[in-house]
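The basis for the numbers below is simple: all heavy atoms, side chains too, and nothing from hydrogens, waters or symmetry mates. Chain A is the first sequence line, chain B the second, and so forth, proteins listed ahead of strands; every chain is numbered from 1.
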Amino acid sequence: MAIERLFRRRRTRGEGREVPDLWIRCQACGSQLYKKDLEQNLGVCPHCGHHHRIPVEDWVRILADEGSFEAITGKVRPVDALSFVDTEPYPERLARYQQKTGRPDAIYGGRATIGGVKSVLLVMDYAFAGGSMGSVVGEEIARGAELAAREDRALVIVTASGGARMQEGALSLMQMAKTTMALEFVFQKRLPYVSILTHPTTGGVTASFATLADVILAEPDALIGFAGPRVIKQTIRQDLPEGFQRSEFLLKHGLLDAVVDRRKLKEELVRVLRLFSEDPDAA
Amino acid sequence: MAIERLFRRRRTRGEGREVPDLWIRCQACGSQLYKKDLEQNLGVCPHCGHHHRIPVEDWVRILADEGSFEAITGKVRPVDALSFVDTEPYPERLARYQQKTGRPDAIYGGRATIGGVKSVLLVMDYAFAGGSMGSVVGEEIARGAELAAREDRALVIVTASGGARMQEGALSLMQMAKTTMALEFVFQKRLPYVSILTHPTTGGVTASFATLADVILAEPDALIGFAGPRVIKQTIRQDLPEGFQRSEFLLKHGLLDAVVDRRKLKEELVRVLRLFSEDPDAA
Amino acid sequence: MPLEFERPLVELEEKIRALEATAREQNLDLSDEIELLKGKLERLQREIFAGLTPWQRVQVARAPGRPTTLDVAERIFEDFYELRGDRAFADDPAIVGGLARFAGRRVVFVGHQKGRNTKENIARNFGMPHPEGYRKAMRLMDLADREGVPFLAFIDTPGAYPGVSAEERGQAWVIARSIQRMSRLRVPAVAVILGEGGSGGALAIGVGNRVLILENAWYSVISPESCAAILWRDAKEAERAAAALKLTARDLLELGVVDRIVPEPGGGAHKNPEGAIRELESALLAVLRELEGLSPEELWQDRYRKFRALGAFEES
Amino acid sequence: MPLEFERPLVELEEKIRALEATAREQNLDLSDEIELLKGKLERLQREIFAGLTPWQRVQVARAPGRPTTLDVAERIFEDFYELRGDRAFADDPAIVGGLARFAGRRVVFVGHQKGRNTKENIARNFGMPHPEGYRKAMRLMDLADREGVPFLAFIDTPGAYPGVSAEERGQAWVIARSIQRMSRLRVPAVAVILGEGGSGGALAIGVGNRVLILENAWYSVISPESCAAILWRDAKEAERAAAALKLTARDLLELGVVDRIVPEPGGGAHKNPEGAIRELESALLAVLRELEGLSPEELWQDRYRKFRALGAFEES
Ligand SMILES: [Zn+2]
Ligand SMILES: [Zn+2]
């Protein structure tokens, strides 16, 4: 949902679609940007600082030390336990997203070192069903946490999610408990868990593993919350306050540790992870 | 301080002083009351429900089962560690309060059963230096808690205090830490600790043992807080909200478990203590 | 006001009452006719309730008169004392809880609380908690752990409150924390879905070693109305959503999300709350007895295994 | 603006500067005279600071330029990362803290934070925390415990904020809770009074195995001004109150309230913050080394014994 909303919002300003090939239009300020410039800026508009969504593989490139990444996700595949049909059957929906992303479900991750610190890095894929959490996402997060605990690795999760996967009903709700409980092993072994919240992170993901991290970082202007803004507007029948549920608002409200520009994220993450390490230079 | 304020406030309404002998005037509504009626009502005005301050011995009579009370306080006596002199030397001040109350310091208590539940009952004496907490109050509270833990007794503390005893300087501040730490033994042995906050309970007492109870009960309309209303008014340079820092306000703000009329207090306290007991009828 | 599908039952009940009145007034012996009708009523009740659609069950789960947490507390506990407040910000009337004695043993309980009438419902925010409600629940979990007594949670909420006041005080954060806190309990924990089990706001106090559900209660990742609004872009498709979400007691038992269904008396718990509560009482007692032999470590393991196993996927 | 009693020093400093300027401009050798004056300055400084009254020390403790928590963090830690917020209501800028590396070891630190200028001071509420500040501190205590690393607390507050916003969110409750949480730490805990140690708002993060105090800092149950207002009914009697309260480092050492005085360089820490921080660094390191051999249980015992013993009374 949120991605459509994003585009809708931007269009009121820029009107245009992306110009093909070398140029791209900033979704926030409408500036024409060299694709290469935007890539070098890790998807951040050099003019207005807007953080564009980037593919999960780019997240791995940004955060993992070069050549250190070794995927662990991909073997667990979703099934249609409820025989769920809305405007189309769930299996067809899944097939479409699988085709589009080349992934069985909305998560990608693996072992990596980050600034030399042994880690498990997991990235949610918003392009797959809005990053919604069903059984597969829950299972991969739980396995990732368990692996981190087993191999004495830091746990780093980059989130982007519209919430729970409705098509898996109560089973998707249960992933909130499952992921939360799997983190226990990470905490018991005194390993650090850092979450990086990107736009948008809402619903069951925010209300479970994403906000239980030792250190919660967020990208600028990311929408983060439990209920979505539309639901809230319906509830209170008023306009929402300026900046409501955005990173800076949440930082002020004591819910985040820092709002970090993507271009500085690796550096800050490494600092945090090394401050959690007994002897970072021996790592 | 607070007692003078109380009288001052009441006078604007009633003007009079107490009529001697059989009659007494309610400090809140000004009604003429039979002393005996007021006593039978445990100091609560039958007309307006105002809870008048009662002597600490009455508290013991109200809460302890008849004949069960055995005092433990009284051996610890205050000293003038700082050679403190304000408008009079601290030892003279102490002597005056000791004369007036017949007690070495602002606390009274002992072993008792309450509804059959073995307890340590401690009552702060506001008549002694405004119930201020110095080394003696801190020591007696700590010993009371340790005794409760040693003898498997519930801990019940009735508070009334203007805060810390200034004349004992940083030593009185340290009683906040001392009393807090002594409670640890009560908690470790899974014994219940109930505090009963009466008018007024402020400063270092509120900010230490008084609010760490498993169950916090308060008398109606009691002033309870950290800073006193005068200090707060000076800070914010505005009038304070209606009912601010009073029991009902605090209940709404999630800081108390219940506001209990003194005439129902024993009954409710017994229910609480019995709900903490494995087998209340075997007690 | 009866629910749509209850109308035939209501008509029959009225007939019976009319016959009874006639018999009384005219001093006639109509007992045979009355018995006949009562038998018919019972059969019809059974028939109708056996065939309820998921959406109809959602209506039953929301019906006024259904037992609330405090109704249950008043009936099944020998005594209880409500503890209030999060000791930090506010007392949330949408969540209640306290100390209690249940079948002779000490317990700590907590539960969503809906109003028993409109005025009370407004005061209790229709059972939709704010963060301070979950903080109160966590405080009570701490107490259960310290005292080493079982923890009982009664679930009955359309969901955690989705408003500005809740979001700015960290609704998502506190739900996550409450799930974590409950999962860490070192005492037996039982959750019961009394009526509505709305999403994360329900699960926050739902991490029990055993999860029970009343026969006509529902438990889902999203309410049928919201699901319909998102997937069909039309809240009126709630009936279809209710069926698709597999949110009924029987569906949930099959999925492994709940462990046991507590039967409701004929006509539903709202018609006979006492009957429903009696059934709940004996079910609760039974599961508590199952759990009371386990050590704190075993209880944690048991809870971990239960929730770790939930989910459906295949592995390639 | 220099403090009243600093005027002779300032005059001397100006004289030295003037001589130095003259020497430079006119290319004269005035080094003997300058050295003489510098020696005199040092003697006078020592003399004045040795003879400061308690009230004058209170002025020094409040002087702009004195090292704040973040000043200390920036100088003594190899690296640190600030963690923010109570994860519930707000980030209180009057309390800062985070992860750090200190002399090679991992630590968690927390501290009151005053502004380094007026604007920042307003933003930081003059170092007077709200309840959310103490909740942030407790969150950091949790982290220190979980990670098993020492906890360092830097105290510099006139007191916890005495306003409506703080009271209605349970200022007293949270201070009690913070004292309790800190006393329960299973890791070495060291508290340092950097400047002002105002009452419960200071003690809330002051329950260390060791409590250090800078030479001119104060620590008291009440500020001299408030004490004077209550006991003499005149805030102008603050000087008398300051003396009566025995709030100086030396008094507190005698009373057993602090364990060690960290010497300040000549002229006070506000004149030479780097020097003061260097002294603090080595003192901190020394006490940490004393504590690092102790087990979690021994650390708790040590803290309990220390605070249990504080107080003066006689027994009949
Ligand atoms: Zn731009
Ligand atoms: Zn009256």
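Interface remark: A:Pro104 contributes no atoms to any contact with chain C (heavy atom separation under 4.5 Å). The parts of C:Val164 that come within reach of chain A are both its backbone and its side chain, each placing non-hydrogen atoms under 4.5 angstrom from that chain. C:Leu245 touches chain A through backbone and side chain together, each having a heavy atom under 4.5 Å away. For a residue to count as touching a neighbouring chain, one of its non-hydrogen atoms must lie under 4.5 Å from one of that chain's; by this rule A:Leu82 touches chain C with backbone and side chain alike. Contact of A:Tyr90 with chain C is not made at all, since no heavy-atom distance falls under 4.5 Å. Using a 4.5 Å cut-off between heavy atoms, A:Gln238 makes no contact with chain C at all. Within the 4.5 angstrom heavy-atom criterion, only side-chain atoms of C:Leu203, from C-beta onward, approach chain A. At a 4.5 Å heavy-atom cutoff, the contact between A:Glu146 and chain C is made by side-chain atoms alone. At a 4.5 Å heavy-atom cutoff, A:Leu183 makes no contact with chain C through either its backbone or its side chain. Heavy atoms closer than 4.5 Å to chain C are found in the backbone of A:Val85, but not in its side chain. Heavy atoms of A:Arg237 lying under 4.5 Å from chain C are absent altogether. Contact of A:Gln167 with chain C is made through the side chain alone, with heavy-atom distances under 4.5 Å. For A:Leu255, the parts lying near chain C are the backbone and the side chain together; criterion is any non-hydrogen pair under 4.5 Å.
Side-chain contact between C:Pro224 and C:Glu239 is absent, with no heavy-atom pair separated by less than 4.5 Å. You'll find the side chain of A:Met133 reaches within 4.5 Å of the side chain of A:Thr179, heavy atoms only. Taking the side chain as every heavy atom from C-beta outward, A:Met181 and C:Arg308 never approach each other to under 4.5 Å. Residues C:Trp300 and A:Glu184 are in side-chain contact: their nearest non-hydrogen atoms beyond the backbone lie under 4.5 Å apart.
Salt-bridge annotation for A:Arg53 and A:Glu219: absent, with no side-chain N of the basic residue lying under 4.0 Å from a carboxylate O of the acidic one. Between C:Arg240 and A:Asp86, no side-chain nitrogen of the basic residue sits less than 4.0 Å from a carboxylate oxygen of the acidic one, so the salt-bridge criterion is not met. For A:Glu151 and A:Arg153, the salt-bridge test passes: some basic side-chain N is under 4.0 Å from an acidic carboxylate O. A:Glu139 and A:Arg143 are joined by a salt bridge, as a carboxylate oxygen and a charged side-chain nitrogen come within less than 4.0 angstrom of each other. At a threshold of 4.0 Å, the pair A:Asp105-A:Arg165 counts as salt-bridged, since one of the basic side-chain nitrogens sits closer than that to a carboxylate oxygen. Here C:Arg139 does not pair with C:Asp86 in a salt bridge; the nearest charged N to carboxylate O distance is not below 4.0 Å.
When the heavy atoms of residues 309-316 of chain C are compared with those of chain A, the residues falling under 4.5 Å are C:Leu310, C:Gly311, C:Ala312, C:Phe313, C:Glu314, C:Glu315, C:Ser316, listed by number. Contacts with chain A (heavy atom to heavy atom, under 4.5 Å) involve these residues of residues 174-185 of chain C, listed by number: C:Ile175, C:Ala176, C:Arg177, C:Ile179, C:Gln180, C:Ser183, C:Arg184.
Heavy-atom neighbours of A:Gln99 CD from other residues, nucleotides or ligands within 6.0 Å: at or below the threshold of 12.
In this structure, C:Tyr304 has its ring center under 6.0 Å from that of A:Phe185.
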Step by step, would you call C:Gln56 with C:Val60 a side-chain contact (heavy atoms from CB on, under 4.5 Å)? CA-CA 6 Å; C:Gln56 284 171 328; C:Val60 175; 5.7 Å; no
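One N or O on the side chain of A:Thr235 and one on the backbone of A:Val231 form a donor-acceptor pair closer than 3.5 Å. Formation of a donor-acceptor pair under 3.5 Å by the C:Thr157 side chain with backbone atoms of C:Gly159 is found in this model.
With values rounded to the nearest 0.5 angstrom, C:Leu194 atom CG is found 9.5 Å from C:Lys114 atom NZ.
In terms of heavy-atom pairs under 4.5 Å with chain C, the best-connected choice from A:Thr211, A:Thr180, A:Thr202 is A:Thr211. Between chain A and the residues C:Gly197, C:Pro162, C:Ala243, C:Ala229, the largest count of heavy-atom pairs under 4.5 Å involves C:Pro162.
Ring orientation note: the planes of C:Tyr134 and C:His112 are nearly perpendicular, at an angle over 60° on the 30°/60° scale.
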